[in-house]
Trainee: 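Below is one structure. I have some questions about it.
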Amino acid sequence: GRLAVLREWSPRLAGMLAATIAIGLALPALQPLDNGLFHAINGLGDGPEWLYQALDPHARNYILLFGVAVLGSAAVLRRPRYVIGAAIAVVLAGYLAGAALELVKLFIERARPEEVLGAEVQLSHARSWSHIASFPSGHMIVTVALATVAAAMAPKLRRPLIAYVVAVGFTRVLFGAHFPLDVVVGAVLGYEVGL
């Protein structure tokens, strides 16, 4: 059974990685659309500091999703070995998401909005992300991969997890960290990795 799953899933993931790289190569043609969407969202303002503190810190988000998956699986599956399996699945999804991100970034090096649009960008409380490539959003790849695993472990939490992921994705643009396409592609790739 495990080999059949890998045989089915590996080509899908490879196809998704190839599509992500292809979109990355097409970004110069898509830049005007992405700029317009970015301005529409980022122009709303960066919001209060508590919103940034609630949704931006990567490690805290990942620990929260790990906890949701483990506690959700404990409530649903009720066997220690399944709970341990859920914990391992979450950790593996996180590492695989990171590996997928690094693979894409070997081919695509996109500048952050603050580097492309300069003073037009409202950065959340004057924070800067210019030292890290923008495409795709690593925060979204890992967050969505972990949320996908957590939703598989505790299906009743699917809707709150979707709401959480949407809020994180929206604030990546609102805070000035990413262009919308970075977020969308990161979310789609993260979902595939999480599966």
Side-chain angles (χ1 to χ4, degrees), residues 15-65 94-148 161-194:
M16 183 58 65
L17 285 167
T20 300
I21 292 168
I23 291 168
L25 294 172
L27 284 173
L30 299 170
Q31 192 68 52
L33 171 67
D34 221 11
N35 288 352
L37 292 170
F38 177 84
H39 283 303
I41 297 169
N42 184 251
L44 298 172
D46 61 355
E49 177 70 14
W50 68 263
L51 182 65
Y52 178 87
Q53 291 302 325
L55 296 175
D56 186 72
H58 296 47
R60 183 175 37 219
N61 287 340
Y62 304 158
I63 292 168
L64 172 73
L65 289 168
Y95 277 107
L96 187 57
L101 173 66
E102 293 304 318
L103 180 65
V104 172
K105 288 192 176 188
L106 288 174
F107 298 95
I108 308 299
E109 179 86 20
R110 185 182 201 190
R112 292 282 180 151
E114 64 191 276
E115 298 170 290
V116 174
L117 301 173
E120 299 172 39
V121 176
Q122 293 186 49
L123 294 171
S124 182
H125 305 283
R127 291 174 174 91
S128 174
W129 292 272
S130 63
H131 60 286
I132 306 168
S134 190
F135 180 86
S137 169
H139 196 143
M140 286 308 294
I141 290 174
V142 177
T143 298
V144 173
L146 299 181
T148 300
L161 287 167
I162 289 170
Y164 178 76
V165 164
V166 168
V168 169
F170 183 76
T171 58
R172 300 313 299 149
V173 180
L174 186 71
F175 297 156
H178 285 285
F179 288 104
L181 280 176
D182 302 340
V183 171
V184 170
V185 172
V188 172
L189 183 56
Y191 177 73
E192 191 63 36
V193 168

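In what follows, residues are counted from 1 in the order of the sequence shown. It should be emphasised that the depicted structure is a prediction, and the values quoted were computed from it without experimental measurement.
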Trainee: Look at atom OH of Y191 and say whether more than 12 heavy atoms of other residues, nucleotides or ligands are closer to it than 6.0 Å.
Mentor: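 No, OH of Y191 has 12 or fewer neighbouring heavy atoms, counting only those of other groups under 6.0 Å.
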
Trainee: If you look at every heavy atom in A133 and K105, which pair is closest and at what distance?
Mentor: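 Nearest heavy atoms, A133 then K105: O-NZ, 2.9 Å.
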
Trainee: Is the backbone N or O of L181 less than 3.5 Å from a side-chain atom of D34, with the two atoms forming a donor-acceptor pair by type?
Mentor: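 Checking the backbone N and O of L181 against the side chain of D34, a donor-acceptor pair under 3.5 Å is found.
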
Trainee: Counting distance only, does the side-chain N/O of R112 pair as donor-acceptor with the main-chain N or O of I132 below 3.5 Å?
Mentor: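 Checked: pair present.
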
Trainee: Can you tell if the side chain of F38 reaches within under 4.5 Å of the side chain of V116, non-hydrogen atoms only?
Mentor: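 The answer is no; the side chains never approach within 4.5 Å.
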
Trainee: Minimum heavy-atom separation for T171 and V168, please, with both atom names.
Mentor: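 Here T171 and V168 meet closest at OG1-O, 2.9 Å.
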
Trainee: Can you tell me how far apart OH (Y164) and CG (L65) are? Round to the nearest 0.5 Å.
Mentor: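 Nearest 0.5 Å value for the OH-CG distance: 5.0 Å.
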
Trainee: Evaluate the side-chain proximity of F135 to T20: yes if any heavy-atom separation is below 4.5 Å, no if none is.
Mentor: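 Counting from C-beta outward, T20 and F135 do come under 4.5 Å.
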
Trainee: Applying the side-chain hydrogen bond (donor to acceptor under 3.5 Å, both in side chains) criterion to R110, which one of E115, H178, Q31 satisfies it?
Mentor: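 Result for side-chain hydrogen bond (donor to acceptor under 3.5 Å, both in side chains) with R110: Q31.
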
Trainee: Does the side chain of V104 reach to within under 4.5 Å of the side chain of I141, using non-hydrogen atoms?
Mentor: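 Contact flag for V104/I141 side chains = no.
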
Trainee: Of the non-hydrogen atoms in A145 and A97, which two are nearest, and what is the gap between them?
Mentor: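 Shortest heavy-atom separation between A145 and A97 comes out as CB-CB, 4.0 Å.
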
Trainee: Are Y62 and H139 packed together at the side-chain level, in the sense that at least one heavy-atom pair is separated by less than 4.5 angstrom?
Mentor: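 Yes - at least one pair of side-chain heavy atoms lies under 4.5 Å apart.
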
Trainee: Does the side chain of L25 reach to within under 4.5 Å of the side chain of F107, using non-hydrogen atoms?
Mentor: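 No, every pair of side-chain atoms sits at 4.5 Å or beyond.
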
Trainee: Could you pull out the closest heavy-atom pair between I108 and G24, with the gap in Å?
Mentor: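 In this case the closest contact between I108 and G24 is CD1-C, 3.5 Å.
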
Trainee: Kindly compute the distance separating CG (L189) from CG (L101), expressed to the nearest 0.5 Å.
Mentor: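 If I round to the nearest 0.5 Å, the distance is 8.5 Å.
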
Trainee: Taking all non-hydrogen atoms of both residues, which atom of F170 and which atom of L44 are closest, and how far apart?
Mentor: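 Closest pair (atom of F170, atom of L44, distance): CZ-CD1, 3.7 Å.
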
Trainee: Whether R172 and D182 form a salt bridge (side-chain N of Lys/Arg under 4.0 Å from carboxylate O of Asp/Glu) is what I want to check.
Mentor: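 Here D182 does not pair with R172 in a salt bridge, since their nearest N and O are not under 4.0 Å apart.
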
Trainee: Does any non-hydrogen side-chain atom of V185 lie less than 4.5 Å from one of V188?
Mentor: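 Contact flag for V188/V185 side chains = no.
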
Trainee: Run the numbers on L103 and L106 for side chain to side chain contact (heavy atoms under 4.5 Å, CB included), then give the verdict.
Mentor: CA-CA 5 Å; L103 180 65; L106 288 174; 4.1 Å; yes

Trainee: May I ask you to test the N35-E120 pair for a side-chain heavy-atom distance under 4.5 Å?
Mentor: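 No, side chains not in contact.
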
Trainee: List the atom of A111, the atom of S134, and the distance in Å for their closest heavy-atom pair.
Mentor: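 Where A111 meets S134 most closely, the heavy atoms are O-CB, 3.5 Å.
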
Trainee: Are the side chain of N42 and the backbone of Q122 linked by a donor-acceptor contact shorter than 3.5 Å?
Mentor: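 At least one qualifying donor-acceptor pair exists.
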
